[in-house]
Amino acid sequence: MIQFTGVHKWFKQLHVLNDINLRVTPGEVLVVCGPSGSGKSTLIRTINQLEPINEGKLIVDGMDLLDKKTDINKLRAEIGFVFQQFNLYPHLSVLSNITLAPLKIRKTPKKEAEEQAMTLLARVGLAEKRDAYPSQLSGGQQQRVAIARALAMKPKIMLFDEPTSALDPEMIGEVLAVMQDLAGTGITMVVVTHEMGFAREVAHRVAFMDHGVVLEEAKPEEFFRNPQHERAQQFLKQLLSPMH
Amino acid sequence: MLTYQFDWSIVTSGKYFEWLVSGCKVTLQISIVGIVLAFIVGLLIAVMRMSNFRPARWFALAYLEFFRNTPLLVQIFFWYFGSYKILPAAVNDWLNSTNFEFAAAVIALTIYTSAFIAEDIRSGVLSIPKEQMEAARSAGFSFLRSMQYIILPQAVRITVPPLVNQFLNLAKNSSLAMTIGVMELTYQARQVESYTFKGFEAFTAATVVYLALSSIITALVHLYDKRVLNPNRAV
């Protein structure tokens with residue numbers, strides 16, 4: 001579904017992605033973790049070309065991202081992206097946030113788009129907020145709407161870039177619950193997160209990154225019980241007992 | 001010692017009143033057409049100015065520099081007298097058979113004002129967080145569609161106050177159209193003065209009308225802003 005082969009990316013002098021080789025198979029849930037500045041956000045943003053890569057090969061849903069003939073807008077329509085800061089459209093109601101792309105890009109009839117949006121809103125537990133505006137919602141509610149908005153395009157792949165990092169602790173659970181529910185539907189997911197509980201429970205595989213390199217890839221039970229790389233051991237230790 | 005005899009009746013009834021009314025109508029027409037066109041052209045130029053397509057960006061830059069940095073009166077003369085020299089005779093014949101003074105005035109005012117509107121809209125767009133564009137592009141919208149559905153609607157909402165200024169400028173600047181013979185309000189007031197020597201009354205009447213026009217434009221935009229654009233303004 002997603003295949004990185006020898007991918008490099010630089011921001012000026014900074015080598016943010018260094019020889020990434022990574023494969024995500026259809027239906028797989030991959031969690032990417034690592035310390036801040038490790039390149040994990042950049043990695044996930046290359047998948048829908050919010051960040052173009054400089055070198056290597058990146059195939060997403062059968063399309064080569066470096067091929068000039070690839071229609072990036074068409075590809076992006078198949079990939080849902082959930083941001084750390086939600087990025088809902090503040091001038092539109094919750095319902096319109098969700099229906100905008102289906103109406104304008106998929107040309108879905110209005111009635112159908114709205115019914116589908118209501119189904120999604122019910123699924124994330126916010127059906128009663130259809131006419132609210134983003135500024136009237138809590139962070140957790142906004143993020144659930146953002147997930148519904150992404151799902152409205154019926155994507156093949158869902159990308160989550162630290163979806164709970166901007167949330168108050170008591171709201172993290174509601175968002176993770178929606179994501180866990182989603183993972184059960186068999187959609188391909190890549191999740192950048194520090195929520196190790198989520199990784200343990202939901203991920204099929206965990207990738208650990210540091211300094212632009214994927215240092216370790218393992219099943220969650222192996223990764224958490226017995227991390228191979230020294231940096232990964234340190235990282236997990238710090239996450240579990242941050243006071244030390 | 002004031003010996004001037006005021007005669008307000010000339011501007012409230014009779015032939016001269018009708019001249020002023022017909023001038024009002026023309027001023028209103030220029031203003032309405034000009035404001036609508038200047039807003040649309042301003043949006044287009046703003047988008048071109050921000051696009052990644054270089055020829056579009058360069059065109060917009062040249063447009064902005066050129067039309068913001070030359071006097072409006074010169075631009076009006078250019079469109080009216082200048083274009084005449086370079087257009088084919090057949091086109092000129094056709095233009096003369098229409099109301100070319102009016103068209104030239106509207107074109108000049110539209111282009112001049114659109115350059116200022118474009119810059120106001122651009123600063124509005126720059127104040128929208130770049131993540132909005134990322135969210136739109138991630139959903140699969142092209143640059144132009146992202147602008148159309150997500151960025152510009154937000155930018156225009158916060159650009160309302162400077163836009164009102166530009167609309168008012170256009171309405172007031174329409175008085176310059178008299179210089180090419182458009183029979184708008186200022187032209188008619190001048191006519192009344194020439195025929196009656198009642199300059200004080202004539203231009204007072206014109207002043208009152210411009211003031212009313214400006215107030216109406218301001219009120220309409222604010223009403224639209226409150227009812228349609230920003231019904232849930234957070235502030």
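In what follows, chains are A, B, ... by sequence order, proteins preceding strands, each numbered from 1. What you are looking at is a predicted structure, and each value in this text was computed from that prediction instead of being measured.
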Applying a criterion of heavy atom separation less than 4.5 Å, what residues of residues 87-108 of chain A form contacts with chain B? A:Asn87, A:Leu88, A:Tyr89, A:Pro90, A:His91, A:Leu100, A:Ala101, A:Lys104, A:Ile105
Check the surroundings of atom CZ in A:Arg23: do more than 12 heavy atoms from other residues, nucleotides or ligands lie under 6.0 Å from it? no
Residue B:Met48 excluded, over 12 heavy atoms near CE under 6.0 Å: yes
Taking 4.5 Å as the heavy-atom cut-off, does anything in residues 36-74 of chain A contact chain B, and if so which residues? A:Arg45, A:Asn48, A:Leu50, A:Asn73
May I ask you to check whether over 12 heavy atoms, not counting those of A:Phe11, lie within 6.0 Å of atom CZ? yes
Where do A:Arg149 and B:Ala135 come nearest, in terms of heavy atoms and distance? NH2-CB, 3.9 Å
Considering residues, nucleotides and ligands other than B:Asn52, do more than 12 of their heavy atoms fall under 6.0 Å from its CG? no
Do other residues, nucleotides or ligands put more than 12 heavy atoms under 6.0 Å from the CH2 atom of B:Trp94? no
Can you tell me how far apart CD (B:Glu134) and CZ (A:Phe83) are? Round to the nearest 0.5 Å. 5.5 Å
